[in-house]
Amino acid sequence: MATAERGLAPGLRYVPDRFDRAAQEALVAAIRQVVADAPLFVPRMPKTGKPMSVRMTNCGSLGWVTDKENGYRYQPTHPETGRPWPAIPEALLALWDEVSGFAKPPEACLVNFYDPDAKMGLHQDRDENEFSAPVVSVSLGDQCLFRVGGVSRSDPTRSFRLSSGDVFVFGGESRLIFHGVDRIYPGTSTLLKNAGRINLTLRRVNP
DNA sequence: CAGTCCCA
DNA sequence: TATA
């Protein structure tokens with residue numbers, strides 16, 4: 001009766017534990033270097049300027065940013081330092097080659113840092129000009145309650161408790177699905193020095 | 001155009 | 001607080 005209870009929608013792929021502990025530690029070290037060069041900033045909602053609860057930065061030739069004045073967009077430089085974003089770590093490029101099924105490399109890797117009380121409302125990733133390429137998402141640190149819906153905001157949703165090292169892929173018919181983070185479970189990982197979660201999302205921006 | 005804000 |  002109900003739609004598939006266990007199966008994921010076409011194009012959605014959940015790869016638990018894709019990175020083992022050593023690989024996760026290497027990824028965190030790489031991200032620490034990215035953050036040293038491109039400091040975390042607080043993204044703000046268009047028009048209202050309301051701060052989001054995550055802090056973010058990017059690596060790659062383009063980075064996703066948002067502010068009160070100009071809204072959501074990709075740009076080649078950090079909004080506060082004006083410098084180009086640092087390169088995407090090799091391990092993430094290798095992941096993209098493995099799971100994306102897309103010939104060209106990702107242009108953007110958005111780095112979102114979630115403090116224990118940070119959330120991300122249901123939204124679509126649709127600021128790219130290339131929807132044939134999937135979005136590839138990596139979880140590091142504390143577990144989170146991740147919600148995924150369908151391509152319409154009112155579609156029913158399912159929740160997953162994601163753990164450090166897990167990978168989620170949104171491609172094909174699921175490229176534009178709504179998704180968000182309802183809560184962080186502090187203290188559920190020892191990967192990071194303090195409680196919190198890092199999410200990395202790889203995107204192809206231009207065809 | 002707005003939006004991942006908020007909140008029901 | 002720095003964390004990343």
Side-chain angles (χ1 to χ4, degrees), chain A residues 19 23-59 63-75 78-81 85-86 88-89 91-92 108-129 131 135 137-157 159 162 164-165 168 170 175-184 186-201 203 205:
Chain A
F19 291 100
Q24 293 171 38
E25 288 173 357
L27 232 25
V28 170
I31 294 307
R32 188 177 291 116
Q33 295 194 86
V34 165
V35 170
D37 186 13
L40 292 168
F41 58 93
V42 177
R44 292 182 175 271
M45 294 300 290
K47 309 301 180 197
T48 65
K50 250 184 192 306
M52 295 174 61
S53 57
V54 298
R55 285 168 299 152
M56 67 174 51
T57 187
N58 290 267
C59 46
W64 187 90
V65 301
T66 174
D67 57 31
K68 178 176 177 171
E69 295 72 25
N70 299 302
Y72 302 171
R73 65 201 186 274
Y74 282 93
Q75 64 178 44
H78 190 286
E80 293 172 0
T81 70
W85 305 104
I88 298 176
L92 295 174
C109 175
L110 176 60
V111 178
N112 279 150
F113 183 81
Y114 291 77
D115 275 319
D117 58 352
K119 298 166 184 35
M120 181 76 79
L122 264 196
H123 68 282
Q124 296 170 297
D125 288 7
R126 57 177 309 154
D127 300 311
E128 302 75 30
N129 301 125
F131 295 143
V135 170
S137 169
V138 180
S139 295
L140 294 170
D142 281 334
Q143 295 174 349
C144 77
L145 188 62
F146 185 60
R147 195 158 91 243
V148 297
V151 295
S152 300
R153 187 176 283 278
S154 57
D155 286 343
T157 61
S159 291
L162 299 185
S164 194
F168 225 104
F170 311 94
R175 172 61 180 76
L176 293 174
I177 61 165
F178 281 83
H179 57 282
V181 173
D182 286 336
R183 69 161 296 189
I184 301 297
T188 51
S189 168
T190 56
L191 185 68
L192 307 177
K193 177 168 299 197
N194 292 313
R197 170 176 185 262
I198 296 169
N199 182 68
L200 311 172
T201 48
R203 296 103 179 260
V205 178

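We name chains A, B, ... by the order of the sequence lines, and we start the count at 1 in each one.
Side chain A:Arg55 to base C:dT3: a donor-acceptor pair is found below 3.5 Å.
Ranking B:dC5, C:dA4, B:dG3 by closeness to the A:Ile198 side chain, first place goes to C:dA4. For A:Met45, counting side-chain heavy atoms from C-beta on, the closest listed nucleotide (B:dT4, C:dT3, C:dA4) is B:dT4. Checking B:dT4, C:dT3, C:dA4 against the side-chain heavy atoms of A:Asn194 singles out C:dT3 as nearest. Taking only side-chain atoms of A:Met52, from C-beta outward, the nucleotide of B:dT4, B:dC6, B:dG3 with the closest atom is B:dT4. The side chain of A:Lys50 approaches B:dC5 more closely than any other nucleotide in the set B:dT4, C:dA4, B:dC5.
Counting to the nearest Å, the P atom of B:dA2 and the CD atom of A:Gln124 are 17 Å from each other. When rounded to the nearest whole Å, the span between CZ of A:Phe178 and C1' of B:dT4 equals 10 Å. Computed from coordinates, the A:Glu128 CD to B:dG3 P distance equals 18 Å when rounded to whole Å. In this structure, A:Asp182 atom CG and B:dC6 atom P are separated by 13 Å, rounded to whole Å. For the pair A:Arg147 CZ and B:dC7 C1', the computed distance is 11 Å after rounding to whole Å. Taking atom CZ of residue A:Arg44 and atom C1' of nucleotide B:dC6, one finds them 16 Å apart after rounding to whole Å. Separating the CZ atom of A:Arg126 from the C1' atom of B:dC1 is a distance of 11 Å, rounded to the nearest angstrom. Protein atom CG of A:Leu176 is 14 Å distant from nucleotide atom P of B:dT4, rounded to whole Å.
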Criterion salt bridge (charged side-chain N to carboxylate O under 4.0 Å, His left out) on A:Arg183 and A:Asp142, from CA distance to verdict: CA-CA 10 Å; A:Arg183 69 161 296 189; A:Asp142 281 334; over 6 Å; no

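Side-chain contact between A:Lys119 and A:Val181 is absent, with no heavy atoms from C-beta onward closer than 4.5 Å.
The residue A:Leu122 sits close only to the backbone: its heavy atoms come under 4.0 Å of sugar-phosphate atoms, none of a base.
No hydrogens or angles considered: a donor-acceptor pair under 3.5 Å links the side chains of A:Ser137 and A:Asn199.
Near DNA chain B, meaning a heavy atom under 4.0 Å away, the residues from residues 112-121 of chain A are A:Lys119, A:Met120, A:Gly121.
A stacked arrangement is assigned to A:Trp64 and the six-membered base ring of B:dT4, with a centre-to-centre distance below 5.5 Å and an interplanar angle below 30°.
Geometrically, A:Arg197 engages A:Tyr114 in a cation-pi contact defined by less than 6.0 Å to the ring centre and at most 45° from the axis.
By the neighbour-count criterion of 12 heavy atoms within 6.0 Å, atom CD of A:Gln33 is sparsely surrounded, having that number or fewer from other residues, nucleotides or ligands.
Between A:Phe146 and A:His179, the angle of the ring planes lies from 30° to 60°, which puts this pair in the tilted group.
Put simply, the residue from A:Ile88, A:Asn112, A:Ile31 that forms a side-chain contact (heavy atoms from CB on, under 4.5 Å) with A:Leu200 is A:Ile31.
Remark: A:Lys47 is in phosphate contact with B:dA2, judged by side-chain N or O atoms under 4.0 Å from OP1 or OP2.
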